[in-house]
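Report on one structure; see the data block that follows.
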There are 2 protein chains.
Amino acid sequence: MAEKAVDTKKVSPRQRLLAAADELFYNEGVHAVGIDRVIEKAGVAKGSLYYNFGGKDDLIREYLLGRHAAWTARIDGALTETQDPGERILLVFDVLETLFSDPGYRGCSFMNAVAEAPVGGPELRAAANFRSWLHELFGQLVAALDVRNTQELTDQLVILYDGAVTAAQMDNSPQAAATAKTLAAMVVAYSLSENRVA
Amino acid sequence: MAEKAVDTKKVSPRQRLLAAADELFYNEGVHAVGIDRVIEKAGVAKGSLYYNFGGKDDLIREYLLGRHAAWTARIDGALTETQDPGERILLVFDVLETLFSDPGYRGCSFMNAVAEAPVGGPELRAAANFRSWLHELFGQLVAALDVRNTQELTDQLVILYDGAVTAAQMDNSPQAAATAKTLAAMVVAYSLSENRVA
DNA sequence: GCATTCTTATACAGATCGGTCTAATCTCGT
DNA sequence: ACGAGATTAGACCGATCTGTATAAGAATGC
């Protein structure tokens with residue numbers, strides 16, 4: 001029998017459903033997990049699912065929303081450590097390293113969700129929002145740099161971020177974060193030396 | 001009604017099944033497509049599927065095998081264009097650019113398959129083989145370079161490859177290939193200047 | 001206290017899933 | 001021409017899917 005994801009006492013069915021969905025959806029994929037599995041792990045009646053959520057699509061949307069919020073909070077928290085523009089960019093890759101080191105790491109939830117998303121599915125909108133946030137994150141970090149090629153550098157950093165995330169998942173190699181960080185340091189240094197504002 | 005993927009005349013049911021599976025599995029995901037959809041698009045009886053294949057898992061394995069073979073052939077074909085070690089590395093990213101420009105591009109079939117793969121699924125073995133090939137590809141291209149940090153440079157190029165593939169899919173931006181190519185040129189030039197063999 | 005809301009357990013519906021089976025037909029090598 | 005192998009169409013199976021219905025109990029707020 002599957003063990004409960006959270007204590008039944010004093011936690012609302014809604015929260016228990018979200019916790020169970022988060023674990024199951026991330027570990028096995030949104031499509032592969034049925035709602036029966038979710039309500040069983042949450043220890044909740046099926047009726048409560050449809051009372052608190054509009055349906056599975058709604059649960060998927062909330063799952064991705066929660067992942068998005070948790071990740072932005074983790075990044076924002078780490079970014080308070082320093083104010084140096086160059087170091088703040090590299091900090092993102094340090095956070096990635098701690099993420100990859102989690103033995104339960106199974107890749108980016110949004111990339112995985114997009115991989116199995118139907119054409120009109122709720123995953124696509126959530127993923128688009130996540131990508132907007134990612135581009136904005138690097139865009140703002142780069143804007144703090146005295147550099148002329150802001151757009152180019154931002155695009156480069158996004159690719160390094162995506163490469164680290166994907167390589168870490170596909171090859172089970174957390175050190176992909178360190179490799180990407182080295183590349184990020186290189187490209188930032190290059191922009192600072194060749195494209196510094198006059 | 002769904003149109004046939006291939007002409008019924010003079011093409012064996014096995015080939016028609018593979019062609020239909022390739023299109024459906026890639027476009028909608030391995031898990032989301034049922035065998036009924038495949039046999040309908042292939043214009044083949046259900047019995048023929050189980051006569052020619054062991055089951056859906058077997059069909060999935062052959063689908064990924066075909067993707068692997070087609071991609072290696074495309075890369076190998078492009079690599080005949082030049083013998084210059086540095087240019088050959090960058091050529092890989094040129095092929096990526098043509099791949100991303102296909103309006104039907106929906107990401108790397110192996111990454112997508114892994115995203116929805118069950119723990120013991122046939123996708124994992126196929127994906128592992130693909131990743132071995134990818135590392136070997138860059139490993140051999142780097143080995144032709146007179147450089148000391150072969151392993152480091154190989155890992156860096158794999159990350160740039162993965163980043164381009166993922167960013168192109170998530171942001172629908174084929175120009176990710178050009179961005180990654182620029183980074184690859186930078187890192188190759190850096191290794192040649194700082195790590196050239198004595 | 002009492003009504004409203006929330007939660008529970010369970011049965012059920014309609015659809016689809018991968019897979020098996022049968023029996024007739026077709027293809028093709030000898 | 002004959003027989004083996006390949007293909008066909010379709011019925012059928014048990015399992016699973018998302019979602020609904022029902023009826024009774026727990027919690028909550030006024």
Side-chain angles (χ1 to χ4, degrees), chain A residues 1-2 4-22 24-25 27-64 113 116-123, chain B residues 1-2 4-22 24-25 27-64 113 116-123:
Chain A
M1 62 181 71
K4 305 283 173 59
V6 284
D7 192 352
T8 299
K9 297 297 171 193
K10 272 302 173 193
V11 178
S12 71
R14 175 168 233 272
Q15 286 175 302
R16 274 182 282 157
L17 284 167
L18 281 175
D22 181 82
L24 290 174
F25 284 168
N27 286 330
E28 306 183 28
V30 174
H31 202 130
V33 174
I35 55 170
D36 290 329
R37 298 267 317 280
V38 177
I39 64 174
E40 182 204 7
K41 165 157 269 180
V44 155
K46 182 181 263 189
S48 293
L49 193 160
Y50 287 95
Y51 183 85
N52 288 284
F53 298 93
K56 191 188 183 181
D57 278 2
D58 197 26
L59 191 59
I60 293 173
R61 176 171 25 245
E62 300 269 9
Y63 151 67
L64 290 174
E116 50 177 335
V119 285
E123 303 94 335
Chain B
M1 61 180 72
K4 305 281 174 61
V6 285
D7 192 351
T8 299
K9 298 297 172 193
K10 272 302 172 191
V11 178
S12 71
R14 174 168 235 272
Q15 286 174 301
R16 274 182 280 157
L17 283 167
L18 281 175
D22 182 82
L24 291 174
F25 284 168
N27 285 330
E28 306 183 30
V30 174
H31 202 130
V33 174
I35 56 170
D36 291 328
R37 298 266 319 279
V38 177
I39 66 174
E40 183 203 8
K41 166 158 269 182
V44 154
K46 183 182 261 191
S48 294
L49 192 160
Y50 288 95
Y51 183 86
N52 289 283
F53 298 93
K56 191 187 184 183
D57 279 2
D58 197 27
L59 192 59
I60 293 173
R61 174 170 28 245
E62 301 269 10
Y63 151 68
L64 290 174
E116 50 176 335
V119 283
E123 303 95 335

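All chains are named by letter (A, B, ...) in the order of the sequence lines, taking the proteins before the strands, and each is independently numbered beginning at 1.
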When rounded to whole Å, the CZ to P distance for the pair F25(B) and dG18(C) reads 8 Å
Keeping the roles fixed (side chain from E123(A), backbone from A117(A)), state whether a donor-acceptor pair exists under 3.5 Å.
-> no
For the side chain of D36(A), counting heavy atoms from C-beta on, which of dT8(C), dG18(C), dC17(D) is nearest?
-> dC17(D)
Can you check the Y50(A) OH to dC17(D) P distance for me, whole Å?
-> 11 Å
Specify the separation, in whole Å, of atom NE2 of H31(B) and atom C1' of dG18(C).
-> 11 Å
Side chains of L49(A) and V44(A): does their closest heavy-atom pair fall under 4.5 Å?
-> no
Compare the minimum distances between each of dT7(D), dT8(C), dT18(D) and the side chain of S48(B), then state the nucleotide with the smallest one.
-> dT7(D)
Distance in angstrom units between I39(B) CD1 and dT20(C) P, rounded = 14 Å
Would you kindly give the CG-to-P distance between D58(A) and dG19(D), to the nearest whole Å?
-> 10 Å
Is there side-chain contact between L64(B) and F25(B), with heavy atoms separated by less than 4.5 Å?
-> no
In 5'-to-3' order, the base (B), backbone-only (S) or no-contact (-) status of each nucleotide in nucleotides 21-30 of chain D, using a 4.0 angstrom heavy-atom cut-off, is ----------
Sub-3.5 Å donor-acceptor pair from the side chain of E116(A) to the main-chain atoms of V30(A), do we have one?
-> yes
Atom CD of E116(A) to atom C1' of dC17(D): distance rounded to whole Å?
-> 15 Å
How is V38(A) classified with respect to the nucleic acid when contacts are heavy atoms under 4.0 Å: base, sugar-phosphate, or nothing?
-> nothing
Do L24(A) and Y63(A) have side chains that get closer than 4.5 Å, going by heavy atoms?
-> no
Any idea which heavy atoms bring R16(B) and G43(B) closest together, and the distance?
-> NH1-O, 3.1 Å
If each of N52(B) and G34(A) is mapped to the nucleotide of DNA chain D with the nearest heavy atom, which maps nearer the 5' terminus, i.e. the 5' end?
-> N52(B)
Atom CZ of R37(B) and atom C1' of dA15(C) are separated, to the nearest Å, by 15 Å
Answer whether the closest heavy-atom distance between the side chains of S48(B) and R14(B) falls below 4.5 Å.
-> no
Provide, to the nearest angstrom, the distance between the CG atom belonging to L49(A) and the P atom belonging to dT10(C).
-> 17 Å
